[in-house]
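Given the structure is predicted, the values throughout are model-derived calculations rather than measurements. Numbers for residues simply follow the sequence, beginning at 1.
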Amino acid sequence: MDFAALMSKEISKAGGSSTPNSTSDTSKPSKKYARRADEEAARVEAYKEEQARLEREREERQSQKRKLEEEEADRRLEREEKKRRLAEESRKKREEEEDKKERERRKRIGLPELPPTPSEGEKDESGKDGEDKEDINEEELTEKLREMEEPVRLFGETHKGRLRRYKKLLERSLETQKMSDGPIPTTLEPVPEVEMKIPDAVPKDSEGRQFLFRQLASYFNMVLFEWELALAKRDVTVKQSLQGRQAYNAMVQSRENMTPLFRKFEKSDIDDSVLEHVVEITNKAQQRRYVDANDAYLRLSIGKAAWPIGVTMVGIHERSAREKLHQGDKQAHILSDESTRKYLQSIKRCLSFAQTRWPPDDQLQIMG
């Protein structure tokens, strides 16, 4: 056997034995090395999958939370509706009981019976009918709203809405009168400073008295305003001192105590004897005759009645002129009324400030 045949035989043996291994290796190739781009792509893919999973879980939690909140809101609305319904039923029951008691009381004492109370539907229908009966055309309604300095039309407002708004404004203007600006708000129209001259006597006619009340209210408001302005112009150290705080408190107290006097001016419900003295005090104060104004204040506050001084009864004999103690002026006891006493003292304080704000030409007219 030659060498070539022997080598071919050995090669064929080796090839036959390695054939199955090579077949198994090709079916399952093993990679010893990997590309970095492939690893990065796999990492990115895994990250995206993780984020998508987290997002799904987050959405599920939010949807569950929204569902719980909606259920809680529904339960809360149901509870509120139940409370409102129970309150409405209790109110109706209470009104029915009160109406029943009132009818029994009227029947017991012999008064005529009350008319039957209309139901809610009847009230709504009657209100609608009333609105329809009191209808105003478009041009007239526009003119009236402009006179009241109100917007002619609001956004999306219908004619019925404008009519309803006009009626509410009209009712409000009738209920509340315009209050003037000042230390003491009042419904009396203020007069200019040149017309604040108070007459010597109280007018007899109603128009003159009404104008006099306007003059008095304007004058006292002016004095209180000047008083407050003078206190505000002081230094901070003076304001914070004990005397400064006492002066401010006196001004505030005087402003509060004079409010009943202004209400009497508005209603024209003030006694003529008091009004005459107030007019005299104000007239003398405007003339800067403060001593004379103080004398008028003393006549108003304590009057001319005889006041007991010392011992009035000694032994069995009375002192001379003792019978005159109770026969004096009725104004001697005007300070027994608390409200009157307070606004009279406030007038005296205004008088004391006025002589410092508008000092007199004659030094003898300065009060002590």
Residue list, ring-ring contact (aromatic ring centres under 6.0 Å, His included) with Phe213, at least two apart or on another chain: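 If we apply the ring-ring contact (aromatic ring centres under 6.0 Å, His included) test to Phe213, skipping adjacent residues, the hits are Phe265.
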Distance-only, no hydrogens or angles: does the [X] side chain make a donor-acceptor pair with backbone N or O of [Y] under 3.5 Å?
| X | Y | value |
| --- | --- | --- |
| Glu276 | Val202 | no |
| Asn283 | Pro199 | yes |
| Gln286 | Met196 | yes |
| Arg288 | Gln355 | no |

Does the side chain of [X] reach to within under 4.5 Å of the side chain of [Y], using non-hydrogen atoms?
| X | Y | answer |
| --- | --- | --- |
| Met258 | Ile347 | yes |
| Leu224 | Cys350 | yes |
| Leu169 | Tyr166 | no |
| Ile270 | Leu261 | yes |
| Asn257 | Gln253 | yes |
| Val279 | Leu212 | yes |
| Leu86 | Lys83 | no |
| Arg299 | His277 | yes |

Assess whether atom [atom1] of [X] is packed by more than 12 heavy atoms of other residues, nucleotides or ligands within 6.0 Å.
| X | atom1 | result |
| --- | --- | --- |
| Gln62 | CD | yes |
| Tyr248 | OH | no |
| Asn249 | CG | yes |
| Glu57 | CD | yes |
| Glu69 | CD | yes |
| Arg85 | CZ | yes |

Just how far is it from atom [atom1] of [X] to atom [atom2] of [Y], taken to the nearest 0.5 Å?
| X | Y | atom1 | atom2 | result |
| --- | --- | --- | --- | --- |
| Tyr219 | Thr282 | OH | OG1 | 6.5 Å |
| Leu188 | Ser268 | CG | OG | 8.0 Å |
| Arg94 | Arg91 | CZ | CZ | 8.0 Å |
| Gln246 | Met251 | CD | CE | 14.5 Å |
| Gln51 | Glu49 | CD | CD | 11.5 Å |
| Leu229 | Phe225 | CG | CZ | 5.5 Å |

Residue pair Glu280, Tyr297: steps toward the side-chain contact (heavy atoms from CB on, under 4.5 Å) verdict: CA-CA 9 Å; Glu280 183 181 1; Tyr297 167 75; over 6 Å; no
Could you check whether [X] pairs with [Y] (Lys NZ or Arg NE/NH1/NH2 to Asp/Glu carboxylate O, under 4.0 Å)?
| X | Y | answer |
| --- | --- | --- |
| Glu81 | Arg84 | yes |
| Arg75 | Glu72 | yes |
| Glu98 | Lys101 | no |
| Glu50 | Arg53 | yes |
| Asp272 | Arg209 | yes |
| Glu40 | Arg43 | yes |
| Glu147 | Lys144 | no |

Criterion side-chain contact (heavy atoms from CB on, under 4.5 Å) on Asp292 and Gln287, from CA distance to verdict: CA-CA 10 Å; Asp292 297 340; Gln287 297 178 14; over 6 Å; no
Cluster question for you: counting only ILVMFWY and a side-chain heavy-atom cut-off of under 4.5 Å, with indirect links fine, are [X] and [Y] together?
| X | Y | result |
| --- | --- | --- |
| Leu300 | Leu298 | yes |
| Phe353 | Val291 | no |
| Phe220 | Val252 | yes |

Closest non-hydrogen atom pair between [X] and [Y], with its separation:
| X | Y | answer |
| --- | --- | --- |
| Tyr290 | Ala354 | OH-O, 3.2 Å |
| Val238 | Ser241 | O-OG, 2.6 Å |
| Ser218 | Pro190 | OG-CA, 3.3 Å |

Enumerate the salt bridge (Lys or Arg N to Asp or Glu O under 4.0 Å) contacts for residues 217-246, please, sequence neighbours excluded, ordered by first and then second residue. Glu226-Arg357, Glu228-Arg255
